[in-house]
Amino acid sequence: MHNERVSPPRRIAHLDMDAFFASVELLRYPQLKGLPVVIGGGRRKVDEIVRQRFADRPLSQIPADAFPLLKDYVGRGVITTATYPARQFGVGSAMGMMKAAKLCPQAIVLPVDFEEVRRFSRTFKAVIRDIAPVVEDRGIDEVFVDFTDVPGGQREGGRVLARLIQKSIFDATGLTCSIGVAPNKLIAKMASEFNKPNGISIVHEADVQTKIWPLAVRKINGIGPKSEVKLHALHIHTIGDLAAQSREWLVDNFGAAYGAWMHDAAWGRDDRPVVTESEPVSMSRETTFERDLHAVRDRAELGAIFTDLCTRVAEDLRRKGYVGRTIGVKLRYDDFRIATRDQTLDHYTDDAATIRRAAGQCLKRVDLRQKLRLLGVRVGKLAKAGSLPAPEAAPRVAAEPTPDLFHGLAGTQDFR
DNA sequence: TCTGGGGTCCTGCTCCCA
DNA sequence: TCTGTGGGAGCAGGACCC
């Protein structure tokens, strides 16, 4: 006689806040509910202009027709998110503002309020952890939650717990979310998109062929635009098409790791655990300029931006308690080509001047004759600041960057 | 329509060393 | 001394994600 306790089937939920950035804004401006609104751009503090004009009124009473429209938007940028009425015009995340303006010129444009969004992010995640403690952070508006051993987590395949979480988040924030519950993270992620907004989708192992195989290959988290093009060229369009290929064939065409992973993904196999804690690998700051800049002609401006990026990365490191050893730069040229260079130091640092000096050395190894669109500074090989033995501690170069650091190395023609 | 910012992971190449 | 080989580290770039 065996007396083994049978472990319950794995139930993993993926929770995705609905149009998160836009929904947070709509809490502030409820008069925009039901209208097409896009969040993005960021540079022009449009809502501050509106707030100044109507300083005497509460935000909720500023007339909807006072807000700036997409057709009047000038400048670079992409859309962070769009409300569902805007999405009906084909406007969506990561779309250029210019294209969006063509599709839906009447949409209202609001900038991202990261502070406010982060505050709501912390709130909804705390609500979830109170109910189901095994939560994996997947960015500002998404989480995986392990329902397996949560009391009630198995009822109706997870639907009862999902409903409780949805209601609790709405009560705490006024925001809605969509939840998919499945045997693993891969399927849960797909399932959370089945029934948006404010939906719940339950998928069991036996449903893979009916619910997953008809979907486009691009729906798999990990198959992006490049792989999609290649798969289409091989006449593979749906996840079912992918599942019909042999593992060997996929390995031959996509490499050992990616090919084998694709095969598992198509068959709904994924045993990754829900990870509740993780350490950052790198920290970076980058910025796209208002106009393309040239290393010689715009030297002063670029030098100032470069110093500012190094300072901000150093501040991020210190605020979060990390030091790093690999310093790198990223450049995007005006033709969108990207160049990166990095250099590993013999000691860890969180010092802005040290970072700037090393990043400056990296810049010496790239072509600076072409105009630049973006500049970034990255610090990798991170370690917890307090965890290093004494000899690893970095010497501080200077409390403040010296003037020549702002204006490039003496004698050079560019901003380094 | 020209495409943000902050990340992770993987692959291929080169160099160094045994 | 020359050639080969194989591993590890560092670097550059690509793909993908939110």
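Per chain, numbering begins at 1; letters A, B, ... match sequence-line order.
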> What do the steps show when you test A:R118 against A:T123 for side chain to side chain donor-acceptor pair (under 3.5 Å), and what is the final call?
Replying inline: CA-CA 9 Å; A:R118 269 195 284 269; A:T123 304; over 6 Å; no
>> As a quick check of understanding, evaluate ring pair (Phe, Tyr, Trp, His ring centres under 6.0 Å) for A:F67 and A:Y29, giving each step before the final call.
In response: CA-CA 10 Å; A:F67 287 83; A:Y29 303 117; 5.0 Å; yes
> Taking it one step at a time, do A:Y348 and A:Y322 satisfy ring pair (Phe, Tyr, Trp, His ring centres under 6.0 Å)?
Replying inline: CA-CA 9 Å; A:Y348 287 87; A:Y322 287 90; over 10 Å; no
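We find that CH2 of A:W261 is positioned 11 Å from C1' of C:dC17, with the value rounded to whole Å. Here B:dT8 presents its P atom at 14 Å from CG of A:D342, a figure rounded to the nearest Å. If you take CD1 of A:I338 and P of B:dG6, they are 14 Å apart, rounded to a whole angstrom. When the C1' atom of B:dT8 is taken as reference, atom CE of A:M283 falls 14 Å away, rounded to whole Å. Rounded to whole Å, the distance from CZ on A:R332 to P on B:dG6 is 12 Å. Here B:dG7 presents its P atom at 7 Å from CZ of A:R285, a figure rounded to the nearest Å. Atom pair A:K125:NZ and C:dC18:P shows a separation of 13 Å (rounding to whole Å applied). As rounded to whole Å, 19 Å separates atom P of C:dC18 from atom CD1 of A:I39.
In this model, the phosphate group of C:dG13 is not approached by any side-chain N or O of A:R378 to a distance below 4.0 Å at OP1 or OP2. Put simply, A:R341 has a side-chain N or O that comes within less than 4.0 Å of OP1 or OP2 on C:dG13. For B:dG7, neither phosphate oxygen OP1 nor OP2 lies less than 4.0 angstrom from any side-chain nitrogen or oxygen of A:S282. OP1 or OP2 of B:dG5 lies within a sub-4.0 Å distance of a side-chain N or O belonging to A:T288. Taking 4.0 angstrom as the limit, A:S93 places none of its side-chain polar atoms (N or O) nearer than this to OP1 or OP2 of C:dC18.
Checked against a 6.0 Å centroid threshold, the rings of A:F124 and A:F20 count as neighbours.
Taking every side-chain heavy atom of A:T344 into account, C:dG10 is the closest of B:dT1, C:dG10, B:dG5. Checking B:dT11, B:dG5, B:dG7 against the side-chain heavy atoms of A:S284 singles out B:dG7 as nearest. Among the nucleotides B:dC10, B:dG5, C:dC17, the one closest to the side chain of A:T287 is B:dG5. Residue A:V78 places its side chain closer to B:dG4 than to any other of B:dT8, B:dG4, B:dG6. Comparing C:dG10, B:dC10, C:dC16 against the side chain of A:R325 picks out C:dG10 as the nearest. Nearest nucleotide to the side chain of A:R373, out of B:dG4, B:dC9, C:dC18: B:dG4. Closest contact between the side chain of A:M98 and the listed nucleotides B:dC9, B:dG5, B:dC2 involves B:dC2. Which of C:dA12, B:dT8, B:dG6 sits closest to the side chain of A:R365 comes down to C:dA12. The A:K226 side chain lies nearest to C:dA15 when the options are B:dT1, C:dA15, C:dC18. The side chain of A:S227 sits closest to C:dC16 out of C:dA12, C:dC16, B:dC10.
The aromatic rings of A:W267 and A:H263 are tilted relative to each other, their planes meeting at an angle between 30° and 60°.
Mapping A:K102 and A:Y258 onto DNA chain B by nearest heavy atom places A:K102 at the nucleotide closer to the 5' end.
In this structure, B:dC2 is classed as syn because its glycosidic torsion stays within 90° of zero.
Across all strands shown, B:dG4 has no partner, as no Watson-Crick or G-U wobble contact with both distances under 3.5 Å is found.
For B:dC2 and C:dC18, the P atoms lie 26 Å apart once the distance is rounded to whole Å.
Among the protein residues, A:E286 comes within range of the nucleic acid bases, having at least one heavy atom under 4.0 Å from a base atom. A:K189 comes within 4.0 angstrom of the backbone, heavy atoms only, and of no base. Across all strands shown, A:G222 has heavy atoms under 4.0 Å from sugar-phosphate atoms exclusively, and none from any base. Across all strands, A:A339 comes closer than 4.0 Å only to sugar-phosphate atoms, never to a base (heavy-atom distances). Nucleic acid contact for A:L309: none, since no nucleic acid atom lies under 4.0 Å from a heavy atom of the residue. In this structure, A:K230 reaches neither bases nor backbone, as no heavy-atom distance under 4.0 Å exists between it and the strands shown. Heavy atoms of A:M95 sit nowhere under 4.0 angstrom from any nucleic acid atom.
A:T307 and A:R356 form a side-chain donor-acceptor contact under 3.5 Å, judged by distance and modelled atom types alone.
If you run side-chain contact (heavy atoms from CB on, under 4.5 Å) between A:F147 and each of A:V274, A:I165, A:V160, only A:I165 comes through.
A salt bridge is defined here as a Lys NZ or Arg NE, NH1 or NH2 lying under 4.0 Å from an Asp or Glu carboxylate O, and A:R312 with A:D308 meets this definition.
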